[in-house]
> 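The structure follows.
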Amino acid sequence: MSVIQKLVLFCLKSIENQRTAYAILHLLNGKKSSQTIQDAHLFHLKRYFHVLPHLAREEFNQILDDLLEENYVTCLGEGSYRMTEKGDMYLQEYDEPIIPRYLNGWSYNRMDKLFWERLSLMVQVISNLVAYNGRYLPIQNNKPHLDWLKNFIQRNRINRHELATQLFKELQHILTNKKIDPLILILRLTGSNRIGLTQQQAAEQLQMSVLTYQLHFINVIHMILTEVKENNTSYPLLEQILETEEKNEWLQLTQSTRKTAIYLNQGYDIEDIIKIRKLKQGTIEDHIVELAIVDSSFNIDIYVPPEVQRNIIKTSTNGIKQLKYIRQLVPEASYFQIRLVLAKKKSAVSV
């Protein structure tokens, strides 16, 4: 079984047939919708948010077909799949370590691309500085990146050879003994005497599918980010790549939700915001659920009476997460209130 199939199978088990399989596709793609954000938290799948942004629906359908053919899942119709005994036994035997262990999509989906683009540019430029080669085309022709690197070199006022030696030591240390294949990253790097491979070329050389390579590549980037953040004094150069990382948790929100949040903070209620923004009630409610997920201090008492909250939590604690079943057991709660309570519950635990 491929690592992508294992990841999808693990996610199918996690959602427990309480969402269609396409909720997993949206999660892996990193779809910035309130429902996908809620699912990531509700089913403990934040690590896999946005780890396969280029996974196409056709490719995802083929993965489902392969799992179905191998009897790991059974199709219930309308995009719904249930784990078979074989699939369940497989995951019980191997569990989550079968998936790249450093993936942390929720925390790093705003940073991993920027980090890679800066790192690859840094390696290229420093390599050419050491070779005294001023005639080359930057692999990242992005003015903010070029300006950032210029400032980086000016700040680190050591000679080019010392700079190159320090960067080499940091990369060598961080890529050693981390249970990853360093070639996944190294093959992509461009220097003064070599051109880095494309994703397709690197995948072929490592005898992987492009999708599998993409997953392992993002796993390596997330490993580096984690290591640098936890041990920043050991990586003085790599740590500087993270210096502009946005730490405001509200930046995890969709842009539309941020606008709604501004009105809520100004004291407007749902009905007011619907009129001002000319949006449907369900859309504004989605924004409020998203706020409850991302902002652990968000108070939902104004929307759900405490007694109703307790009844919803008691029901969901019994393993029921599908909204329609919770509503049958807690009929005094609306779907919006149920979603909001579940979102707040996960926020308090994991955000």
> Taking the side chain from Glu70 and the backbone from Leu67, do they hold a donor-acceptor pair closer than 3.5 Å?
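Not a single qualifying donor-acceptor pair exists.
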> Scan for ring-ring contact (aromatic ring centres under 6.0 Å, His included) pairs involving residues 257-280, sequence neighbours excluded, and state none if there are none.
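Every pair satisfying ring-ring contact (aromatic ring centres under 6.0 Å, His included) with a residue in residues 257-280: Tyr263-Tyr268.
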> Could you give me the CA-CA distance, side-chain angles and deciding distance for Trp106 and Tyr48, then say whether ring-ring contact (aromatic ring centres under 6.0 Å, His included) is met?
CA-CA 7 Å; Trp106 180 258; Tyr48 310 119; over 10 Å; no
> For the residue pair Arg19 and Asp39, establish whether any side-chain heavy-atom pair is separated by less than 4.5 Å.
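Side-chain contact under 4.5 Å: yes.
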> Could you tell me if Gln124 and Thr190 have a donor-acceptor pair between their side chains, going purely by distance under 3.5 Å?
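No, Gln124 and Thr190 have no side-chain donor paired with an acceptor closer than 3.5 Å.
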> Quick test of your reading: applying side-chain hydrogen bond (donor to acceptor under 3.5 Å, both in side chains), list the pairs with at least one residue in residues 272-283, sequence neighbours left out, ordered by first then second residue.
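For residues 272-283, and leaving out neighbouring residues, the side-chain hydrogen bond (donor to acceptor under 3.5 Å, both in side chains) pairs sorted by first residue read Ser256-Arg277, Thr260-Arg277, Gln281-Glu285.
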> Among Gln240, Glu170, Lys169, Glu227, exactly one meets side chain to side chain donor-acceptor pair (under 3.5 Å) together with Tyr235. Which residue is that?
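So, applying the side chain to side chain donor-acceptor pair (under 3.5 Å) to Tyr235 and each of Gln240, Glu170, Lys169, Glu227, only Glu227 qualifies.
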> Hey, could you give me each pair passing side-chain hydrogen bond (donor to acceptor under 3.5 Å, both in side chains) that has a residue in residues 77-86? Not counting sequence neighbours.
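Those involving residues 77-86 are Asn17-Ser80.
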> List the steps, then state whether side chain to side chain contact (heavy atoms under 4.5 Å, CB included) holds for Phe152 with Leu237.
CA-CA 9 Å; Phe152 167 84; Leu237 297 184; 3.8 Å; yes
> Answer yes or no: is there a donor N or O on one side and an acceptor on the other, between the side chain of His222 and the main chain of Asn104, under 3.5 Å?
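Flag set: sc His222 to bb Asn104 pair under 3.5 Å.
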> Check whether any side-chain N or O of Arg194 sits under 3.5 Å from a backbone N or O of Leu189 as a donor-acceptor pair, and report yes or no.
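The answer is yes, because a donor-acceptor pair under 3.5 Å joins these two groups.
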> Counting distance only, does the side-chain N/O of Lys344 pair as donor-acceptor with the main-chain N or O of Phe298 below 3.5 Å?
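Between the backbone of Phe298 and the side chain of Lys344 there is a qualifying donor-acceptor contact (under 3.5 Å).
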> Walk me through it: do Leu185 and Ile224 pass the test side chain to side chain contact (heavy atoms under 4.5 Å, CB included)?
CA-CA 11 Å; Leu185 181 79; Ile224 295 174; 3.9 Å; yes
> Between Thr212 (side chain) and Met208 (backbone), is there a donor-acceptor pair under 3.5 Å?
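No: the side chain of Thr212 does not pair with the backbone of Met208.
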> So, Tyr108 versus His50: side-chain donor-acceptor pair below 3.5 Å or not?
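No donor-acceptor contact under 3.5 Å links the two side chains.
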